[in-house]
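All of these numbers come straight from a predicted model, not from anything done at the bench. Read the numbers this way: they start at 1 and go in the same order the structure lists the ligands and their atoms. Note that the numbering runs from 1 along the sequence shown for the chain.
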Amino acid sequence: MQERPTANQRMILLNPGPVTLTARVRNALGAGDWCHREPEFAALIRDINLRLTQVHDSLAQDYLAVTLAGSGTSAVEAMLASFAPDTKTTLVLANGVYGERMQRMLEAHGKPCRLAGHAWTDAIDIQAVERCLAADPDITHLAVVHHETTTGRLNDVAAIGRLCKARGLTLLLDAVSSFGAERIDAGAWNLGALAATANKCLHGVAGLSFVLAHRELWAGPAMRAGSVYLDLRAYHAAQHRDGYSPFTLPVQVAFALHEALLEHAEQGGAEARRQLYLARARRVHAVLAAGGVGTLLHPDEYSSVLWSYQLPPGHGYAGLHDALKAAGFIIYAGQGDLGRQIFRIAHMGDIQEADLLRLCSALTDSLPDSLAAQP
Ligand SMILES: *Cc1c(COP(=O)(O)O)cnc(C)c1O
């Protein structure tokens with residue numbers, strides 16, 4: 001068996017969630033043994049749902065959150081199951097693993113859908129989207145990933161949202177790796193709903209995820225969810241009646257999410273977190289660029305949350321990963337065909353200045369050949 005890292009060995013997780021926890025959030029996990037069907041837990045969930053709508057100003061007025069047990073994928077699937085129409089068509093805009101996954105979910109739930117597929121390294125082509133819309137008047141909903149973690153690209157949801165607003169289309173957003181850090185302008189985007197998770201930009205623990213949807217969607221006609229567990233209307237009915245949930249929630253994970261939400265707000269909210277991640281991105285990029293390591297995308301195309309870098313010639317991912325792991329850092333491989341081409345570094349979680357300094361020298365040490373190749 002693999003040797004387990006010991007509890008006091010500091011591991012900095014540079015994978016796109018789960019993240020390195022702050023001591024405060026980790027301590028919250030041990031807050032006690034609560035029953036999920038007691039009023040104190042119901043009150044905690046109601047407070048979490050309220051605070052989730054306050055993470056981005058544009059969501060505070062008109063959106064209501066529900067929390068469910070499961071990873072980010074469960075929230076995205078629940079959103080599509082509960083809000084993608086049964087008789088009209090949802091157009092999925094995909095330029096990575098997570099966009100393509102949304103199409104698979106719609107198909108699995110028997111919901112009419114079309115795919116505007118793109119190469120994973122391409123930006124969403126708005127003119128191609130307009131052509132799809134012109135060709136199929138049944139399209140009433142657009143589904144897209146805000147930050148496509150496959151590459152680190154921050155999709156231009158402002159442009160996609162303008163299109164939705166102008167044409168009265170409902171936007172369903174996978175915001176799993178952007179919620180809490182990237183800018184979300186719900187009104188301008190005609191946002192119907194978004195899905196996200198506790199353990200990415202919010203710095204909570206994996207196990208809870210959530211969907212925020214416009215009041216009109218909650219009040220509107222129920223879609224055929226095609227699932228008992230993922231039918232968000234059951235969560236909405238229960239959590240917004242008294243705070244109870246249809247199924248068991250992970251109590252300790254909720255303690256941690258609540259604490260993470262308090263910490264997020266105290267540290268200045270989503271914009272402060274975005275700036276924090278951007279500062280980390282610049283530091284890492286500067287070190288790698290100095291070592292001759294290129295980015296997969298143009299630097300302007302990246303989110304604050306995660307960047308992807310070209311594996312230098314002669315370096316496999318495994319060697320780089322293992323060298324960095326030995327130094328206390330976990331990086332992330334590329335997915336699919338990108339597995340042989342790139343590595344990814346996320347900037348989320350409790351990364352202190354001392355950690356960043358160690359990371360920069362560990363990166364330099366791990367890439368001696370490419371550095372040596374520099375004049
Ligand atoms: C992480 C992520 C998900 C969900 O992944 P899980 O492994 O289910 O948490 C979905 N979409 C995006 C964009 C992600 O980054």
Side-chain angles (χ1 to χ4, degrees), residues 13-21 52 67-81 84 92-106 108 117-118 120-121 123-124 142-157 160 171-184 191 193-212 227 229-230 232 249-250 253 256-257 260 273-274 277 281 296-297 301-308 330-336 338 342-349:
L13 303 181
L14 305 171
N15 50 290
V19 303
T20 306
L21 300 179
L52 285 170
T67 299
L68 68 154
S71 77
T73 302
S74 70
V76 175
E77 187 159 358
M79 170 178 76
L80 295 176
V92 179
L93 318 182
N95 55 352
V97 169
Y98 299 100
E100 291 174 5
R101 188 179 286 175
M102 289 205 284
Q103 189 218 6
R104 279 167 47 215
M105 290 169 175
L106 289 165
H118 296 68
W120 287 1
T121 46
I124 302 283
L142 246 58
V144 70
V145 177
H146 189 195
H147 165 222
E148 184 44 92
T149 319
T150 309
T151 55
R153 179 186 294 280
L154 189 66
N155 277 324
D156 186 0
V157 181
I160 296 161
L171 181 66
L172 301 174
L173 192 66
D174 172 343
V176 174
S177 62
S178 58
F179 187 86
E182 294 296 343
R183 293 170 178 160
I184 292 176
L191 182 72
L194 66 76
T197 189
N199 60 287
K200 294 201 185 186
C201 306
L202 292 181
H203 299 180
V205 177
L208 280 174
S209 57
F210 43 88
V211 174
L212 279 71
S227 165
Y229 195 79
L230 298 178
L232 292 177
L249 296 185
V253 175
L257 175 56
R273 193 143 291 182
R274 193 174 83 89
Y277 293 166
L296 177 68
L297 307 179
E301 296 178 310
Y302 284 115
S303 71
S304 65
V305 179
L306 173 143
W307 287 33
S308 51
I330 303 287
I331 59 165
Y332 220 46
Q335 289 154 293
L338 289 177
I342 65 165
F343 62 99
R344 293 179 288 171
I345 294 190
H347 317 119
M348 296 174 279

In the protein, which heavy atom is nearest to atom 3 (C) of ligand 1, and how far is it? V176 CG1, 3.5 Å
Is the contact between T73 and ligand 1 made by the side chain, the backbone, both, or neither, using heavy atoms and a 4.0 Å cut-off? both
Got a sec, which residues hit ring-ring contact (aromatic ring centres under 6.0 Å, His included) with Y302, two or more places apart in sequence or on another chain? W307
Give the numbers and elements of all ligand 1 atoms closer than 4.0 Å to a heavy atom of V145. 13 (C)
Does only the side chain of H147 get under 4.0 Å from ligand 1, or the backbone, or both, or neither? Count heavy atoms. backbone
When you compare ligand 1 with T149, is there at least one nitrogen or oxygen pair between them that comes in under 3.5 angstrom? yes
Holding to salt bridge (charged side-chain N to carboxylate O under 4.0 Å, His left out), I want the full list of residues that pass it with R183, two or more places apart in sequence or in another chain. E271
salt_bridge(E148, R153) N-O dist < 4.0 Å: no
Quick one: do the S308 and T151 side chains pair a donor with an acceptor below 3.5 Å? no
I need the L93 CG to Q103 CD distance, nearest 0.5 Å. 11.5 Å
Give the atom numbers and elements of ligand 1 that come within less than 4.0 Å of a heavy atom of S177. 13 (C), 15 (O)
Quick one: pull up CD1 in I330 and CG in L13 and give me the separation to the nearest 0.5 Å. 6.5 Å
Can you tell me how far CZ of R101 sits from CG of L80, rounded to the nearest 0.5 angstrom? 12.0 Å
Which protein heavy atom lies closest to atom 11 (N) of ligand 1, and at what distance to 0.1 Å? D174 OD2, 2.7 Å
Please could you name the atoms of ligand 1 that G72 approaches to less than 4.0 Å, counting only its heavy atoms? 4 (C), 6 (P), 8 (O), 9 (O)
Sub-4.0 Å heavy-atom approach of K200 to ligand 1: yes
